[in-house]
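In what follows, residues are counted from 1 in the order of the sequence shown.
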Amino acid sequence: MVKDLFERIQDNKGPLGKWASQAEGYYVFPKLEGELGPRMQFHGKNILNWSLNDYLGLANHPEVRKADTDAAIQFGAAYPMGARMMSGHTTYHEQLENELASFVMKESAYLLNFGYQGMVSIIDALVTKNDIIVYDVDSHACIIDGVRLHMGKRFTYKHNDLESMEKNLQRATKMAEETGGGILFITEGVFGMRGQQGKLKEIVALKQKYNFRLLVDDAHGFGTLGKTGAGAGEEQGVQADIDVYFSTFAKSMANIGAFVAADKTVIDYLKYNLRSQMFAKALPMIQTIGSLKRLELLRKSSAIKDKLWENVNALQSGLKEKGFNIGDTNTCITPVYLEGSIPEAMVMVNDLRENYGIFLSIVVYPVIPKGIILLRMIPTASHTLEDINETLTAFEAIREKLVNGTYKEIAERTTVDVS
């Protein structure tokens, strides 16, 4: 007998979905209202927000808002219609690509509608079944999904582990010699959960021993790292050695879209083989022209980035001084690690939001190991030192409640849906 396809869905909602009846609308899929920024509204209350990836505070920058508005008035939301290859190509798209390539010190660049689908499609386009992929086990889901499309062999190495990298490059080299293919090495410029930079300098050094091409997803590094803001490669002095550089507009650029940059030969190939763009409507003018303005602001002054790092350093040093474990982050992403169960984490976050007016992202199993609660904060250029001090005070209070069992007691009295 053929099973009903939906039987599995009804019986197994997944490791996160099983919490849906208790979590949805509050812990997951929350509704934040009001102008984007450090102070917003949640469930009718004013909250201090640490969950926006608006690193440089550009979402509500007056020049950005004006550029977005002017583009909408001039072109509307539909223009251009059609895919770039057919009828959606404009001088604005070309201008943005040229300026992005120059900013990240690459010969050429190509615009993408979305970061996630863009990365999936880039991986798919760069490799054949004879090629081998080597990638970090903690890679973002877009990389993992791109690798899943690969018809050939792939190897994962332990997160940021040089010995494991080399071991898997040796395996990949042996395999590629048998298949007649090449090797694509994939890492992130900044790992989004724990805030560590990828070991780009060390990976580049491995090129002296192994023949591979390097693809870097620098979604969180672009605009925040490096002297000019060109990202983790610039920060580590190896930008020129990154073969394919990728970033999204959804972080520092406070927009929709993404781009990939490389030598012109590589970009020309991707333009004619990147399925997610060949068969998709072009990026609308609102996003294209708006991104030109955002990039202009990044290029003309370091003041915004300097303010961001003033806040990052104040928050992270304050947490360390008060004895909190923030791991080995060396980026803006600020994780706080605590020990506790998922029910305890839910109670803690409820307390933070309802009684301390602080909103942040909570990360639990299966994203991180069982028994660990990760409170993930994103400081931005828009936050103030007063915001930071208020948060540090609240964190001391919730830690005490976690340690003395208050949250555990409340959680045990709460009916938890694990069906």
Side-chain angles (χ1 to χ4, degrees), residues 54 56 58-122 125-126 218-219 222-223 228-231 234 239 242-301 304:
D54 184 20
L56 301 176
L58 294 181
N60 276 317
H61 192 288
E63 291 185 46
V64 167
R65 292 287 291 266
K66 184 177 187 303
D68 291 349
T69 301
D70 290 348
I73 292 171
Q74 182 178 358
F75 294 102
Y79 194 98
M81 288 298 295
R84 292 275 298 281
M85 292 184 75
M86 302 299 291
S87 58
H89 188 62
T90 75
T91 56
Y92 289 101
H93 289 78
E94 284 187 343
Q95 179 185 350
L96 180 55
E97 286 169 342
N98 291 336
E99 293 188 13
L100 284 165
S102 176
F103 185 69
V104 299
M105 295 167 273
K106 294 298 177 188
E107 188 177 12
S108 190
Y110 188 51
L111 283 180
L112 310 170
N113 288 4
F114 297 101
Y116 198 108
Q117 70 169 198
M119 176 55 75
V120 169
S121 197
I122 288 166
L126 287 176
D218 203 26
F222 178 83
T228 69
E234 183 185 34
Q239 185 73 357
I242 296 172
D243 297 296
V244 184
Y245 179 92
F246 164 90
S247 187
T248 176
F249 296 160
K251 309 295 191 291
S252 289
M253 295 275 271
N255 204 356
I256 291 293
F259 73 99
V260 56
D263 289 346
K264 187 175 186 302
T265 302
V266 176
I267 296 302
D268 285 347
Y269 174 81
L270 291 175
K271 284 168 65 175
Y272 287 88
N273 293 277
L274 202 63
R275 294 174 65 84
S276 66
Q277 293 304 123
M278 292 168 62
F279 301 103
K281 182 180 180 296
L283 194 68
M285 297 300 266
I286 298 172
Q287 281 72 41
T288 305
I289 293 175
S291 289
L292 280 166
K293 171 55 68 174
R294 290 159 171 83
L295 187 57
E296 175 191 327
L297 294 172
L298 262 66
R299 291 199 316 262
K300 76 178 185 180
S301 174
I304 300 175

Non-hydrogen side-chain atoms of D70 and Q74 separated by less than 4.5 Å: no
L270 side, atom CG; L126 side, atom CG - distance, nearest 0.5 Å: 5.5 Å
Any side-chain heavy-atom pair of Y245 and Q239 under 4.5 Å: yes
Shortest non-hydrogen separation from S108 to A101 and the atoms involved: C-CB, 3.6 Å
Spatial distance of atom CD1 (I289) from atom CD (Q95) [nearest 0.5 Å]: 9.0 Å
Heavy-atom side-chain contact between F249 and L100 under 4.5 Å: yes
Contact summary for S247 and A219, nearest pair of heavy atoms: OG-CA, 3.6 Å
Pairing residues for Y79 by the ring-ring contact (aromatic ring centres under 6.0 Å, His included) criterion, not counting sequence neighbours: F75
M119 side chain near T248 side chain, heavy-atom distance below 4.5 Å: no
Exam field: side chain E234 to backbone T228, donor-acceptor pair closer than 3.5 Å: yes
Pairwise distance CD(Q277) to CD(Q117) - rounded to 0.5 angstrom: 6.0 Å
Donor-acceptor contact present, side-chain K106 to main-chain I242, <3.5 Å: yes
Over 12 foreign heavy atoms within 6.0 Å of CZ, F114: no
Straight-line distance of E107 CD to T265 OG1, nearest 0.5 Å: 6.5 Å
Min side-chain heavy-atom separation V266-D243 under 4.5 Å: no
Close side-chain approach of Y110 and R84, heavy atoms under 4.5 Å: yes
Between F222 and F259, ring centroids under 6.0 Å: yes
Full working for side-chain contact (heavy atoms from CB on, under 4.5 Å) between L297 and L56: CA-CA 10 Å; L297 294 172; L56 301 176; over 6 Å; no
Closest heavy-atom pair and its distance - D218, G231: OD2-CA, 3.2 Å
Straight-line distance of M253 CE to L292 CG, nearest 0.5 Å: 8.0 Å
Atom CZ of R275 with >12 non-hydrogen neighbours under 6.0 angstrom: no
Heavy-atom closest pair, residues A83 and M278: CB-O, 3.5 Å
Salt bridge K293-E296, side-chain N to carboxylate O under 4.0 Å: yes
Side-chain touch H93/P80, heavy atoms, less than 4.5 angstrom: yes
Donor-acceptor pair, side chain of S87 and main chain of M81, under 3.5 angstrom: yes
Expected output: side-chain S291 to main-chain Q287 donor-acceptor under 3.5 Å: yes
Interatomic spacing from OG in S121 to CG in N273 - rounded to 0.5 Å: 9.5 Å
Flag side-chain contact, heavy atom, 4.5 Å: L298 against L58: yes
M85 atom CE: more than 12 heavy-atom contacts under 6.0 Å: yes
Closest contact, heavy atoms only, P284 versus A77: CB-O, 3.8 Å
Polar side-chain atom of R294 near backbone of A254 as donor-acceptor pair, under 3.5 Å: yes
